[in-house]
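Below is one structure, written out as structure tokens, with a few remarks after it.
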Amino acid sequence: VQLQASGGGLVQAGGSLRLSCAASGRTSGIYTMGWFRQAPGKEREFVAAISWSGGSTYYADSVKGRFTIFRDNAKNTVYLPMNSLKPEDTAVYYCAARRWGVVTTNDYDYWGQGTQVTVSS
């Protein structure tokens, strides 16, 4: 499975971006898709995750109410619209996929290359 993230960029505080992550390869084995982020000098942290059906979603407290995760299984793509962005959201955002179960730890089977999000104050 290969994951290709896109949609990052530079935005002012209060602005919006939408990240996308397209999966290719043996995608039938994917159950959960998630987003993580890593700011300079910090550990990678969980942002959001979604089950295969989309019926279960999970968010970090820091992004609840501002970020939304959803997926289009027909396109093997997961999206992360991000609203009301803050400077502390600045990080490299990674998409990830897991073969079974939804978890909020780093225990995912596949990782994308990351896309930079920079929020200016």
Side-chain angles (χ1 to χ4, degrees):
V1 174
Q2 293 79 44
L3 303 175
Q4 181 71 42
S6 61
L10 173 64
V11 64
Q12 289 187 333
S16 300
L17 286 172
R18 188 178 83 161
L19 304 183
S20 300
C21 177
S24 59
R26 299 185 67 176
T27 58
S28 61
I30 294 175
Y31 180 79
T32 300
M33 296 191 77
W35 288 96
F36 291 76
R37 65 187 182 186
Q38 187 168 19
K42 295 187 177 181
E43 294 186 351
R44 186 175 299 184
E45 65 175 3
F46 170 78
V47 175
I50 187 168
S51 62
W52 183 87
S53 67
S56 296
T57 56
Y58 301 82
Y59 297 94
D61 289 341
S62 59
V63 307
K64 281 181 181 177
R66 301 187 298 121
F67 294 9
T68 304
I69 188 170
F70 68 97
R71 63 193 292 174
D72 182 341
N73 288 337
K75 296 181 179 180
N76 292 316
T77 300
V78 63
Y79 302 93
L80 188 72
M82 306 183 294
N83 298 316
S84 303
L85 283 162
K86 305 175 181 179
E88 50 263 44
D89 294 317
T90 295
V92 177
Y93 283 70
Y94 298 89
C95 64
R98 181 178 167 88
R99 288 189 291 265
W100 187 252
V102 181
V103 300
T104 60
T105 64
N106 289 336
D107 190 15
Y108 278 65
D109 301 298
Y110 310 102
W111 291 85
Q113 86 288 359
T115 184
Q116 176 71 47
V117 171
T118 303
V119 185
S120 62
S121 57

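The structure presented is a predicted model; accordingly, all values stated were derived computationally and were not measured.
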Side-chain contact test, heavy atoms from C-beta onward, threshold under 4.5 Å: evaluate it for [X] versus [Y] and give yes or no.
{"X": "Leu19", "Y": "Val117", "answer": "yes"}
{"X": "Ser6", "Y": "Thr115", "answer": "no"}
{"X": "Arg66", "Y": "Met82", "answer": "no"}
{"X": "Tyr108", "Y": "Val103", "answer": "yes"}
{"X": "Met33", "Y": "Ile69", "answer": "no"}
{"X": "Asn106", "Y": "Trp111", "answer": "yes"}

Check: [X] side chain, [Y] main-chain N or O, donor-acceptor pair, under 3.5 Å:
{"X": "Thr90", "Y": "Pro87", "result": "yes"}
{"X": "Arg18", "Y": "Gly7", "result": "no"}
{"X": "Asn73", "Y": "Ser53", "result": "no"}

Distance in Å, [X] [atom1] paired with [Y] [atom2], rounded so as to fall on 0.5 Å steps:
{"X": "Ser84", "Y": "Phe67", "atom1": "OG", "atom2": "CZ", "value": "9.0 Å"}
{"X": "Tyr59", "Y": "Ile50", "atom1": "OH", "atom2": "CD1", "value": "7.0 Å"}
{"X": "Thr68", "Y": "Asn83", "atom1": "OG1", "atom2": "CG", "value": "6.5 Å"}
{"X": "Gln116", "Y": "Gln38", "atom1": "CD", "atom2": "CD", "value": "11.0 Å"}
{"X": "Gln4", "Y": "Thr77", "atom1": "CD", "atom2": "OG1", "value": "11.0 Å"}
{"X": "Thr32", "Y": "Arg71", "atom1": "OG1", "atom2": "CZ", "value": "7.0 Å"}

Using the rule that Ile, Leu, Val, Met, Phe, Trp and Tyr join whenever any side-chain heavy atoms are under 4.5 Å apart, tell me whether [X] and [Y] fall into a single cluster.
{"X": "Val11", "Y": "Val63", "answer": "yes"}
{"X": "Val102", "Y": "Val78", "answer": "no"}
{"X": "Leu80", "Y": "Val92", "answer": "no"}
{"X": "Tyr79", "Y": "Tyr110", "answer": "no"}
{"X": "Leu10", "Y": "Leu17", "answer": "no"}

> Between Lys86 and Asp89, is the closest basic N to carboxylate O distance under 4.0 Å?
Replying inline: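 No, this pair does not count.
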
> Centroid-to-centroid, Phe36 to Tyr94, below 6.0 Å?
Replying inline: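 Not close enough - the centres of the two rings lie 6.0 Å or further apart.
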
> Would Tyr58 and Phe46 count as a close aromatic pair, with their ring centres under 6.0 Å?
Replying inline: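 When the ring centroids of Tyr58 and Phe46 are compared, they turn out to be at least 6.0 Å apart.
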
>> On a heavy-atom basis, which atom in Ala97 and which in Leu3 lie closest, and how many Å separate them?
In response: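 Shortest heavy-atom contact: N-CD1, 3.7 Å.
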
>> Please find the pair of heavy atoms, one from Ser121 and one from Ala13, that lie closest to each other, and give the distance.
In response: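 Heavy atoms of Ser121 and Ala13 come nearest at CA-CB, 4.4 Å.
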
>> Pair Tyr93, Arg37 - check side-chain hydrogen bond (donor to acceptor under 3.5 Å, both in side chains), show working.
In response: CA-CA 4 Å; Tyr93 283 70; Arg37 65 187 182 186; 2.9 Å; yes

